[in-house]
Asks: 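Once you've had a glance at the structure underneath, I'll fire off some questions.
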Amino acid sequence: MFAIAFSILVLVSILSIVSNIVMRIRVTQSEPRDKVVWWRRSSDEVASMYESLFPKSKLTLLGRFALWLFVGSICFCVIPLLWKSI
C-alpha cells in the first residue's frame, strides 16, 4: 500500500510542478514588462493571471486536479491508519 501511495504522490507532484512551470513560461512570454517578476510570484497569482490571459486553457484545471488528487490520496492513506489505531 505504501508503494502505491508513494507512486501516486510522486506522479501528482511531477504533474503539479510541470503545469506550474508551463504556466509561468507562458505568462512570462505574454507579458511585455518585467519578465522576471512571474518567477518570484506565488503559484496562485500565476494561475489567476494565466487564467485571465488564456481563458480556454485547461492547465489551471489540471493544477487544481493535482492538488485535490494529492489531498484525496493523503486522506485515502491516513484514514485507514487512524482507523486501525483506534
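Computed from a predicted structure; not experimentally measured.
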Asks: Looking only at heavy atoms, which two atoms of V27 and V46 are closest? And how far apart?
Replies: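 So the minimum-distance heavy-atom pair works out to CG2-O, 4.2 Å.
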Asks: For residues C75 and P80, report the shortest heavy-atom separation together with the two atoms involved.
Replies: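 Distance-wise, the nearest heavy atoms are O-CD, 4.0 Å.
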Asks: Do V10 and L15 share a hydrophobic cluster (ILVMFWY, side-chain heavy atoms under 4.5 Å, transitive)?
Replies: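 Yes, one cluster joins them.
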Asks: Please report the closest heavy-atom contact between L53 and S30, naming both atoms and the distance.
Replies: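 Scanning both residues completely, I find the closest heavy atoms to be CD1-OG, 3.0 Å.
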Asks: Atom OG in S19, atom OH in Y50: separation rounded to 0.5 Å?
Replies: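 Atom-to-atom, S19:OG and Y50:OH are 9.5 Å apart.
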Asks: Got a sec: does the CZ of F54 have more than 12 other heavy atoms crowding it under 6.0 Å?
Replies: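 Check passes, neighbour count above 12.
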Asks: Let me confirm one number: the CD1-CD1 distance from I17 to I14, rounded to the nearest 0.5 Å.
Replies: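 Answer for the CD1-CD1 pair, I17 versus I14, is 7.0 Å.
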Asks: I need the M23 CE to E51 CD distance, nearest 0.5 Å.
Replies: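 That separation rounds to 9.5 Å.
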Asks: Please check: side-chain N/O of S16 versus main-chain N/O of V12, any donor-acceptor pairing under 3.5 Å?
Replies: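 Judged by distance alone, no pair lies under 3.5 Å.
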Asks: For R26 and S57, work out which heavy atoms get closest and say how close.
Replies: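 Looking at all heavy atoms of both residues, the shortest contact is NH1-OG, 4.5 Å.
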Asks: With sequence neighbours left out, write down each residue that passes side-chain contact (heavy atoms from CB on, under 4.5 Å) with I25, or none if nothing qualifies.
Replies: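 Result, side-chain contact (heavy atoms from CB on, under 4.5 Å) vs I25: I21, Q29, W39.
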Asks: Between R24 and R40, which heavy-atom pair has the shortest distance, and what is it?
Replies: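 In this case the closest contact between R24 and R40 is NH1-N, 4.5 Å.
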